[in-house]
2 protein chains.
Amino acid sequence: MPEFLSDNKKYYTPVEYVFSKIGGTYKMPILWRLKDKIVRYSELKKSISNVSDRMLSKNLKELCSDGFLEKKIIAEVPVRVEYSITEKGNNSIPIISALRDYGFSLMEKDGINKK
Amino acid sequence: MPEFLSDNKKYYTPVEYVFSKIGGTYKMPILWRLKDKIVRYSELKKSISNVSDRMLSKNLKELCSDGFLEKKIIAEVPVRVEYSITEKGNNSIPIISALRDYGFSLMEKDGINKK
DNA sequence: CCGGATCCTTTTAGATACTG
DNA sequence: CAGTATCTAAAAGGATCCGG
């Protein structure tokens, strides 16, 4: 197995590297929602089921610092924060789309229905 | 967010469903190694860095029971166990391949070199 | 409105020892 | 050779409270 280093952390596969950047429960859902529009925090919160503020803000912060998203603070009262996708973020959309398609086909073959 | 049920577990996205089946640290590496050949347990163990017997056998068992792999026990002395990929498993290869490609491109842009 | 800080629970994975 | 069993450690995620 090959082996790479980043941030003093070891990675053994490129797939593992992908997941370190956009893996986890919420990052792909976030990117997917931002793929063609600017969305504010509270809208993301509403549209992603069950996400806690802790996880949402943590994931947004990481996606921003990894260059997938941009954050814009609009100093109104009350404050308003908008998130948008970057070019780097947009490059992740095709793979997320492919994962979704594969997921739907898997679910169909496994006989899973929308609830 | 949509919502699905399988095994009394809730899934919110098709991507999440994919990861429940072939996610985690070792499942994709296993599938990738079996994509074009039959491999025995000890060979998998050697070729996947740092995997413990516990994790390897656990993941192999799940991949088998989810229909991605087949297991064949050859009653020699000492015993010999071969794992092969099924058609269902093979359907996962394109997405793994795409993830690998995306991973390599991400790594390159992030300036990561083989160690 | 947007989240940071803290604490807690759950899930995942590593270490070690042992068996048919 | 190919695992299982047990225990522990680490990572991910959830709940709640609070502050600019």
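Chain letters run A, B, ... following the sequence lines, proteins first, then strands; residues in each count from 1. These numbers come from a predicted model, not from an experiment.
- The nucleotide whose nearest atom lies closest to any side-chain atom of A/V79 is, among D/dG13, D/dG3, C/dC1, C/dC1.
- Sequence order on DNA chain C of the closest nucleotides to B/N59 and A/R80 puts A/R80 first from the 5' end.
- Regarding A/K58, its NZ atom lies at a distance of 11 Å from the P atom of D/dA11, rounded to whole Å.
- Taking every side-chain heavy atom of B/Y41 into account, D/dG3 is the closest of C/dG4, C/dC2, D/dG3.
- In this structure, A/E62 atom CD and C/dG3 atom C1' are separated by 14 Å, rounded to whole Å.
- Side chain of A/D53, nearest nucleotide from C/dG14, D/dT4, C/dG4: C/dG4.
- Of the candidate nucleotides D/dG3, C/dG20, C/dC2, D/dG3 has the atom lying nearest to any side-chain atom of B/K71.
- Closest approach to the B/K61 side chain among D/dG13, D/dT4, C/dG4 is made by D/dT4 (side chain taken as heavy atoms from C-beta onward).
- In this structure, of D/dG3, C/dC1, C/dG3, it is C/dG3 that holds the atom nearest to the side chain of A/Y83.
- Here the side chain of A/E16 pairs a donor or acceptor atom with the backbone of A/Y12 at under 3.5 angstrom.
- The distance between atom NZ of B/K10 and atom P of D/dG13, rounded to the nearest whole Å, is 17 Å.
- Hydrophobic clustering of Ile, Leu, Val, Met, Phe, Trp and Tyr side chains at less than 4.5 Å, counting indirect connections, keeps A/I38 apart from A/L60.
- One hydrophobic cluster, built from ILVMFWY side chains closer than 4.5 Å, holds both B/Y41 and B/I73.
- Using a 4.0 Å heavy-atom criterion, one finds that A/K45 contacts no nucleic acid atom at all.
- With C/dA15, D/dA2, D/dG14 as the candidates, the nucleotide lying closest to the side chain of B/R54 is C/dA15.
- Residue contacts shown for B/S57 include a base, since a base heavy atom lies under 4.0 Å away.
- We find that CG of B/L56 is positioned 13 Å from C1' of D/dC1, with the value rounded to whole Å.
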